[in-house]
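Working notes, beginning with the structure itself.
These figures come from a predicted structure and were not determined experimentally. Residue numbers start from 1 in every chain, and the chains themselves are labelled A, B, ... in the order their sequence lines are given, proteins ahead of strands.
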Protein chains: 2
Amino acid sequence: MATIRDAARAKPMDERRPAAERVQRPHAKTTERREAVLKAAMNVFGARGYNKGALVEVAEQAGMTHAGVLHHFGSKEGLLVAMLKYRDGEEVAGVPARAQAEGPAFLAHLVDTVDENTRRRGVVQAYSVLSGESVTDGHPAHEYFQTRLDVLRVKIAGVLGEVSGNTDEQELLDSASALIAVMDGLQVQWLLNPDAVDMPRIVSRTLDEIVARLRAQAGA
Amino acid sequence: MATIRDAARAKPMDERRPAAERVQRPHAKTTERREAVLKAAMNVFGARGYNKGALVEVAEQAGMTHAGVLHHFGSKEGLLVAMLKYRDGEEVAGVPARAQAEGPAFLAHLVDTVDENTRRRGVVQAYSVLSGESVTDGHPAHEYFQTRLDVLRVKIAGVLGEVSGNTDEQELLDSASALIAVMDGLQVQWLLNPDAVDMPRIVSRTLDEIVARLRAQAGA
DNA sequence: ATCGACTTACTTACAAGTCAGTAAGTATGC
DNA sequence: GCATACTTACTGACTTGTAAGTAAGTCGAT
């Protein structure tokens, strides 16, 4: 997104900060309106991707003009980043115990999430599209997915260690990588052919296998 | 890409077919030039994605103008489809025995490919970006990836059956889905953090586990 | 072998549209 | 009265695709 030409075009840093970053927040319904925009962004970026998803369409779905969206988030990139953060926050707020759960509970929640996802196609599509796009040069979500995956890998490796009693760090990280890969990879397959792939069944079976093998290795 | 407006704008069907589809192919170096364009397309679409990848950049890398590219492939969509087909053909031609291999040899070749891919970042990136994009509404590569995954799933399930002696169709297809998911999912993780993920090791270990479990089930 | 008819492989120039971002104004809550 | 939450109007950059022209390759008939 950020090319050399963009830098040349940029105006001297004046008061261009988006509304949300400012100190005061006078209007009562501001948070509400911003959420409407963020939800619209999920729809549009999920359906069309970040590059092809247009601000006008996001704005329309939120009931304002595209300039209104830019008023709130400063730039298209700002909107995407805000949307990603919002999504994370919502998941934590909506299902508070999930991310904080420890041990077996965390793994159970992982499988539950996969099951819920079969009824939330839009969310799955947004995740798959954006994580695919994020590996391109200079994509605004690059860092987000990078740290997300790193954090998740370490977290899962830790829990797998707890559950299995295995202490081989490399083995635990590899297993975590494989589990994440199965979940993410299946999403794409499921989106392209929902009838051919039973995500929850395959994920839970894979998880069982991984834990069983880690236990066996720990015992040996 | 194909909207209602396109249909209205379309000229009466005259001689608008791209060069390649015509009967005669006069110039000797045509195939060579077309290949140069297709390779450029791999680079550009791999680095930026299909939506953000511009024809001008493809053309530049191939040493012509964007109108020249359109002369050969008719449209941007035509170029992408041709590129996808070319890639498949090249793989078969470059490693003739690979796709046709049966039984254990096929599985060994899968792992070999993963290993090779660690030295072909561009190819991996193109595949990951485009397969992610392909789940969006009306993406030109949607059908390509849909059938590619379906074919691969059935093929792998068949080979897993041969190798393990297991005859549970559902189980074999699930295992195939999981194996494909691991390979595809790891690619994204590897692209985002190459040092954190050892693709060949994890894939071959996953494959071993899958075969072992299918054998155990078959024996029971 | 070579001449002429035709096709191919491009180029430059343009059309038409899309998109993010800016500037300036208005209305409304605080 | 002042910042906020917008809107309208506009700009400029970039897009794909088309039209028209030119040079060169190919081929059949001589």
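- Residue His72(B) places at least one side-chain N or O closer than 4.0 Å to OP1 or OP2 of dC10(C).
- Between Gly68(A) and Ala67(B), the residue whose closest nucleotide on DNA chain D is further toward the 5' end is Gly68(A).
- Residue His71(B) places at least one side-chain N or O under 4.0 Å from the OP1 or OP2 atom of dA9(C).
- As rounded to whole Å, 12 Å separates atom C1' of dT16(D) from atom CG of Leu79(B).
- Look at CG on Leu55(A): it is 4 Å from P on dA20(C), rounded to the nearest Å.
- Listed pair Arg33(B) / dC10(C) meets the phosphate criterion, a side-chain N or O lying under 4.0 Å from OP1 or OP2.
- Using a 4.0 Å heavy-atom cutoff across all strands shown, Gly53(A) reaches sugar-phosphate atoms only and no base atom.
- Nearest nucleotide to the Thr65(A) side chain, out of dT7(D), dT11(C), dA24(D): dT7(D).
- Distances from the side chain of Lys76(B) to the nucleotides dT4(D), dC30(C), dG17(D) place dG17(D) closest.
- Here Lys52(A) does not pair with Glu133(B) in a salt bridge; the nearest charged N to carboxylate O distance is not below 4.0 Å.
- Between the NE2 atom of His66(B) and the P atom of dT18(D) there is a distance of 10 Å, given to the nearest Å.
- Rounding to whole angstrom units, NZ of residue Lys52(A) and P of dA20(C) are separated by 13 Å.
- With respect to Val114(A), the side-chain contact (heavy atoms from CB on, under 4.5 Å) criterion is satisfied by exactly one of Ile202(A), Val124(A), Val203(A): Val203(A).
- Aromatic ring centres of Tyr127(B) and Phe45(B): separated by at least 6.0 Å.
- Between Leu70(A) atom CG and dA9(D) atom C1' there is a gap of 15 Å when expressed in whole angstrom units.
- Note: CZ (Phe73(A)) to C1' (dA5(D)) measures 13 Å, nearest angstrom.
- Rounded to an integer number of Å, the gap from Met64(B) CE to dT12(C) P is 13 Å.
- For the pair Lys29(A) NZ and dT28(C) C1', the interatomic distance rounds to 11 Å; values are reported in whole Å.
- When distances are taken from the side chain of Ala54(A) to each of dA20(C), dT11(C), dT28(C), the shortest belongs to dA20(C).
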Check against side chain to side chain contact (heavy atoms under 4.5 Å, CB included), Leu186(A) and Met199(A)
CA-CA 6 Å; Leu186(A) 281 179; Met199(A) 288 200 293; 4.2 Å; yes
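- The pair Asp174(A)-Arg205(B) does not count as a salt bridge, with every side-chain nitrogen at least 4.0 angstrom from each carboxylate oxygen.
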